Amino acid sequence: MTEKIKSIRGMPTLLPAELKLWQSVESTVKKILSNYAFQEIRTPLLERTELFQRTIGEQTDVVSKEMYSFLDRKEQSLSLRPEATAGVVRAGIEHGLFHNQTQKFWSMGPMYRYERPQKGRYRQFHQVNMEAFGYEGPGIDAELILLTSRIWRKLGVEDIQLELNSLGTAESRKGYRTILVEYFNDHTDSLDEDSILRLEKNPMRILDSKNPEMADVIHSAPKMNDHLDQESEDHFNGLLEYLDGHRIQYVLNPRLVRGLDYYTKTVFEWTTDKLGAQATVCGGGRYDDLVKQLGGKDVFAIGCAIGFERLVELVELSGKKDQNGHPKIYLVAVGDQAEAKSSELAEMIRDQFEDCVLELNQDGGSFKQQFKRADRAESDIALILGDEEIENDTIGIKLMKEGGDQETISQDKLLESIADKIGA
């Protein structure tokens, strides 16, 4: 017996029943992004490995442990994208999108990281990303937070909290790094193996450790916001004024550092206690040095990403399922003439009602069999054509979910009747 081929661990298949909610959430998010004047950009799944090494940081867990990388036929090292920002910045520089102009982009799609699969964390996962370039002041930081807050409200997502911090400029962070290394060198007995490795390469990541045995030593560590430069402090206070003005609640978290090296000044996360260990639903911050780091000019920049699997799960937990609510019509046809006519009527209905889902019965069957198919398809309306209807130029119409009687109407009144029943 031939062995069945299974999917790769941590890369689940999204089935039609699941995608119904996914597409509904996607539609809502896209409308809000458009409302804030963000434009879609689509970058490749594959990029040169060097791109992520230079942007995310060679010493980060993402680059050192989690990327899917390989050599192509020309011995170039390529990687499946583990995040979206690096590719967007690369595209902006390559195509001259940042020269003397501001830009707001969004993108949506799969990312890849070789992590231990668990609920809410997969090796292929999906994100919606927002990136803004050329904006210096804290107003754009506030706009990203207001945008994401609007997404939660529109989708009915509750019990989600905003956490904020500032990492300062690269220069002030360098001074803080020296202070932090000195502190942790005095407490190496309290550090785990990963933190000792990070002490040499990326000491700020120790602050993000989830090891409960290190909670006390991390809590007592010097705080970044006590060592901010004046520019970063003014920027952060400006952001807080915006959020206070909009009555956006937040928690100041001096241990929030994010996992990628390119962040500067503002960093933020939206977190929840509804998803177990995977608490972060959305995270991001400023990366004002990144465009220059990749060979472009100095460009102010900020972005964030929403984990789509986690967002969809929160929508499910909220009980607010399908946001689209497109009515579904099933066209029952028995007999050769009815089948031919039903195809004509189906196209006419699709022309008139673009938001409807219309399924045309295929491969025959009795009226009883076809009505069972209409039930299984969860149809709102069934249209019925048989020899009698063809002869009299009529059509039957029945509301499937309300258990009403079947009506018979003339075919020239069909569109009017459908419009009345779906409230179009």
Side-chain angles (χ1 to χ4, degrees), residues 5-14 39-99 103 105-117 121-134 170 194 197-198 200-202 205 258-264 283-299 301-309:
I5 298 175
K6 296 182 179 179
S7 63
I8 300 169
R9 185 167 181 253
M11 298 191 181
T13 301
L14 292 170
Q39 301 180 83
E40 184 178 11
I41 186 171
R42 299 187 184 186
T43 59
L45 293 180
L46 274 177
E47 298 274 7
R48 297 181 188 275
T49 302
E50 179 189 8
L51 173 66
F52 303 114
Q53 291 171 336
R54 289 172 59 183
T55 56
I56 299 173
E58 290 194 57
Q59 308 306 328
T60 60
D61 287 350
V62 173
V63 170
S64 63
K65 300 178 183 179
E66 298 170 1
M67 288 208 305
Y68 282 89
S69 301
F70 60 93
L71 297 177
D72 69 4
R73 293 180 182 180
K74 292 185 178 180
E75 298 295 305
Q76 297 179 108
S77 181
L78 305 180
S79 296
L80 288 170
R81 63 185 184 192
E83 60 95 47
T85 297
V88 173
V89 172
R90 187 268 313 148
I93 296 170
E94 185 176 348
H95 297 282
L97 302 179
F98 303 143
H99 183 62
Q103 298 284 5
F105 298 128
W106 69 267
S107 58
M108 189 179 293
M111 311 293 158
Y112 300 87
R113 295 185 190 180
Y114 193 85
E115 299 184 287
R116 183 172 65 85
R121 173 175 285 179
Y122 305 99
R123 291 175 176 173
Q124 175 179 284
F125 58 99
H126 297 76
Q127 288 184 341
V128 55
N129 299 271
M130 292 140 268
E131 326 273 354
F133 300 92
D194 278 348
L197 289 173
R198 286 171 173 166
E200 297 300 322
K201 300 172 182 177
N202 195 352
R205 292 288 290 127
R258 303 290 296 150
L260 311 179
D261 279 358
Y262 53 62
Y263 286 114
T264 58
R286 293 194 75 97
Y287 41 92
D288 291 337
D289 301 327
L290 188 57
V291 176
K292 187 175 182 180
Q293 187 179 322
L294 283 178
K297 296 186 181 297
D298 262 330
V299 176
I302 186 170
C304 68
I306 299 172
F308 223 82
E309 282 84 355

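None of the values given here were measured: they were computed from a predicted structure.
- Atom CD1 of Ile93 and atom CG of Leu290 lie 7.5 Å apart (nearest 0.5 Å).
- For the residue pair Asp289 and Gln293, no side-chain donor N or O sits within less than 3.5 Å of a side-chain acceptor on the partner.
- At a threshold of 4.5 Å between non-hydrogen side-chain atoms, the residues Leu46 and Leu80 count as touching.
- Counting non-hydrogen atoms of other residues, nucleotides and ligands closer than 6.0 Å to CD of Glu50 gives a total of 12 or fewer.
- Atom CE in Met130 sits 10.0 Å away from atom OG1 in Thr85 (nearest 0.5 Å).
- Considering every non-hydrogen atom in both Ser69 and Thr49, the closest pair reads OG-OG1, 3.9 Å.
- Gly303 and Tyr287 make their closest contact through N-CE2, 3.3 Å (heavy atoms, listed as atom of the first residue, atom of the second, distance).
- Across every non-hydrogen atom of Glu47 and Gly87, the tightest pair is OE2-CA, 3.6 Å.
- Atom-to-atom distance recorded for Phe308:CZ and Gln127:CD is 11.0 Å, nearest 0.5 angstrom.
- For Ile8, the CD1 atom counts as loosely surrounded, since its 6.0 Å shell holds 12 or fewer non-hydrogen atoms of other residues, nucleotides or ligands.
- Atom CE in Met11 sits 11.0 Å away from atom OG1 in Thr13 (nearest 0.5 Å).
- Side chains of Val88 and Gln103 form no contact here, defined as non-hydrogen atoms less than 4.5 Å apart.
- Judged as a salt bridge (Lys or Arg N to Asp or Glu O under 4.0 Å), and not counting sequence neighbours, the contacts of Asp288 are Arg286.
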Problem - Steps toward side-chain contact (heavy atoms from CB on, under 4.5 Å) verdict (Val62, Glu83) - result: CA-CA 9 Å; Val62 173; Glu83 60 95 47; 5.9 Å; no
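- Across all non-hydrogen atoms, the minimal contact from Tyr122 to Gly10 is CB-O, 3.3 Å.
- Under a cut-off of 6.0 angstrom, the local environment of CD in Glu40 is crowded, with over 12 non-hydrogen atoms contributed by other residues, nucleotides or ligands.
- Minimum interatomic distance between Pro82 and Arg113 (heavy atoms only, all atoms of both residues): O-NE, 3.0 Å.
- The shortest non-hydrogen separation linking Phe52 to Arg81 is CZ-CA, 3.7 Å.
- Ring planes of Phe98 and Phe105: tilted class, angle from 30 to 60°.
- Atom CD1 in Ile41 sits 9.0 Å away from atom CD in Glu131 (nearest 0.5 Å).
- Screening Gln53, Gln76, Arg90 against Arg48 for a side-chain contact (heavy atoms from CB on, under 4.5 Å) leaves a single residue, Gln76.
- A donor-acceptor contact closer than 3.5 angstrom is absent between the side chains of Gln124 and Tyr68.
- For Arg123, there are no side-chain hydrogen bond (donor to acceptor under 3.5 Å, both in side chains) partners, not counting sequence neighbours.
- Between the CZ atom in Arg54 and the CG atom in Leu294 there is a gap of 5.5 Å [rounded to 0.5 Å].
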